[in-house]
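Have a look at the structure below before the remarks.
Sequence positions, counted from 1, serve as the residue numbers for this chain.
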Amino acid sequence: MSKLRILYAATEINPFLQTTKVAEFVRMLPQGMQEMGMEIRIFVPRFGIINERKNRLHEVVRLSGINISVGEEEKPLVIKVASIPNAKLQVYFIDNEDYFHRKSALVDKNDKFHADNDERAIFFCKGVLETVKKLGWAPDIVHCNDWMTGLIPMYLKTTYKKDPIFKDSKSVFTIYNNEFDHKFDGDLIEKAKMLDIDDEMLTALKSADYNAFLKVGLQYADSVVKSDEDFSDNINALFNEYAQNRRIGQVSPDETALSSYFALYNELAN
């Protein structure tokens, strides 16, 4: 088995930010895979709640400066990087002044969901792929974690399909029990569009809610996984419907989790 390149995209990671189980999982799994000989890159949003000085984030000027389109808008992408203490792992942070400089993650101080979280998700998904392209680092596996990364598997199967960096990449999409009730305003389909994507491919986004991002991720990923949490009947039904014909994995909470992921990644890549 050759040394695989694994790209992780997630909403958060310990020790920089933890609001859900995603942060623990994305801290544990990449290190485990690195210790098993795989090459790792990790991407998360640079939410304003992350203390840059304390965590020693610094901008990577050679990777910054790309403009990312979200619908009609174009916004500059800033890339920051930091190392995880006591681990040989670097984390890349996707940043933009308009989207990520508020002192909160997905909800404000009154626990109200940010109305532009859809745009922040789109910016993040596109930003990850554009940065990896600029790095010139071709991932064998792109492991997407949580709803905010749900558009990446679709972009890999459409806009980036012929790109030399991504032409052989396979995607894994893990869903977590982070359901929200918010419905997004504006035309989510128009905002999410990229080259080689027609409206029909984005039908799942019509509901403009949590389910929309999940559906797209489940529909386009090569393999789908549910975290070991209790999900609502709605999410279980959605998972069963959209995960048909996908390789379904189950996260084991015990010590066999790493070996089962190692096997999954190798199976997808070969």
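Nearest approach of I42 to P30, heavy atoms of both residues: CD1-CB, 3.8 Å. Between Y220 and S171, the shortest heavy-atom distance links the atoms O-OG, 4.0 Å. In this structure, N51 and K54 approach most closely via the heavy-atom pair OD1-N, 2.8 Å. Summarising the geometry of Q90 relative to S83, their closest heavy-atom pair is CG-OG, 3.8 Å, with the distance given to 0.1 Å. Across all their heavy atoms, Q219 and A204 have their closest contact at OE1-CB, 3.8 Å. Residue D196 comes nearest to T158 through the heavy atom pair O-CB, 3.7 Å, listed as atom of the first residue, atom of the second, then distance.
Separation of atoms CZ (F231) and CZ (F239) is listed at 8.0 Å; rounding is to 0.5 Å. For the atom pair I49 CD1 and H101 NE2, the distance stands at 14.0 Å (nearest 0.5 Å). With rounding to the nearest 0.5 Å, the separation of CD1 in I189 from CG in L202 is 6.0 Å. Rounding to the nearest 0.5 Å gives a distance of 5.5 Å between CG of D108 and NE2 of H114. Rounded to the nearest 0.5 Å, atoms CD (E59) and CZ (F93) are 13.5 Å apart. Taking CE from M33 and CE from M28, the interatomic distance works out to 8.0 Å, rounded to the nearest 0.5 Å.
Between E12 and the options V26, V44, T20, a side chain to side chain contact (heavy atoms under 4.5 Å, CB included) holds for only T20. Looking at V132, V142, L7, L268 one by one, the single match for side chain to side chain contact (heavy atoms under 4.5 Å, CB included) with S169 turns out to be V142. Among Y210, Y176, F173, the one residue that satisfies the side chain to side chain contact (heavy atoms under 4.5 Å, CB included) test with W147 is Y210.
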>> Under the criterion side chain to side chain contact (heavy atoms under 4.5 Å, CB included), I'd like the reasoning laid out for I66 against K134: C-alpha separation, chi angles, the key distance, then a yes or no.
In response: CA-CA 9 Å; I66 306 166; K134 209 163 180 180; 3.6 Å; yes
>> Under the criterion side chain to side chain donor-acceptor pair (under 3.5 Å), I'd like the reasoning laid out for H143 against Y265: C-alpha separation, chi angles, the key distance, then a yes or no.
In response: CA-CA 9 Å; H143 190 157; Y265 292 155; 2.6 Å; yes
>> If you apply the rule salt bridge (charged side-chain N to carboxylate O under 4.0 Å, His left out), what do you find for K215 with E241, and how did you get there?
In response: CA-CA 9 Å; K215 285 177 194 170; E241 179 190 348; over 6 Å; no
> Step by step, would you call E179 with N234 a side chain to side chain donor-acceptor pair (under 3.5 Å)?
Replying inline: CA-CA 10 Å; E179 200 171 352; N234 159 50; 3.0 Å; yes
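The neighbour count for R102 CZ, taken as heavy atoms of other residues, nucleotides or ligands under 6.0 Å away, is above 12. Around atom CG of N67, more than 12 heavy atoms belonging to other residues, nucleotides or ligands sit under 6.0 Å away. When the shell of 6.0 Å around CG of D198 is examined, it contains more than 12 heavy atoms from other residues, nucleotides or ligands. For CD of E97, the number of neighbouring non-hydrogen atoms (other residues, nucleotides, ligands) closer than 6.0 Å is 12 at most.
Salt-bridge check for D95 with R46: passed, with a basic side-chain N closer than 4.0 Å to an acidic carboxylate O. One finds no salt bridge joining E24 and K21 here, because no Lys/Arg side-chain nitrogen approaches an Asp/Glu carboxylate oxygen to under 4.0 Å. The pair K183-D118 does not count as a salt bridge, with every side-chain nitrogen at least 4.0 angstrom from each carboxylate oxygen. The residues D163 and K133 are annotated as salt-bridged, a charged nitrogen and a carboxylate oxygen being separated by less than 4.0 angstrom.
Using cut-offs of 30° and 60° for the angle between ring planes, the F113 and H182 rings count as tilted.
For the pair K75 and F123, the cation-pi test (distance below 6.0 Å, angle within 45°) is failed. The side-chain tip of K80 does not point at the ring of Y92 from less than 6.0 angstrom away and within 45° of straight on.
The list of ring pair (Phe, Tyr, Trp, His ring centres under 6.0 Å) pairs with a residue in residues 50-70, not counting sequence neighbours, is empty.
Listed for the N177 side chain is a donor-acceptor partner under 3.5 Å among the backbone atoms of D230. With D116 contributing its side chain and E119 its backbone, the two residues share no donor-acceptor pair below 3.5 Å. Under the 3.5 Å distance criterion, the side-chain polar atoms of T174 are left unmatched by any main-chain donor or acceptor of K226. Q18 places no side-chain N or O within 3.5 Å of a backbone atom of A23 that could act as its donor or acceptor partner.
No path of Ile, Leu, Val, Met, Phe, Trp and Tyr side chains, each step under 4.5 Å between heavy atoms, connects V78 with L129, placing them in separate hydrophobic clusters.
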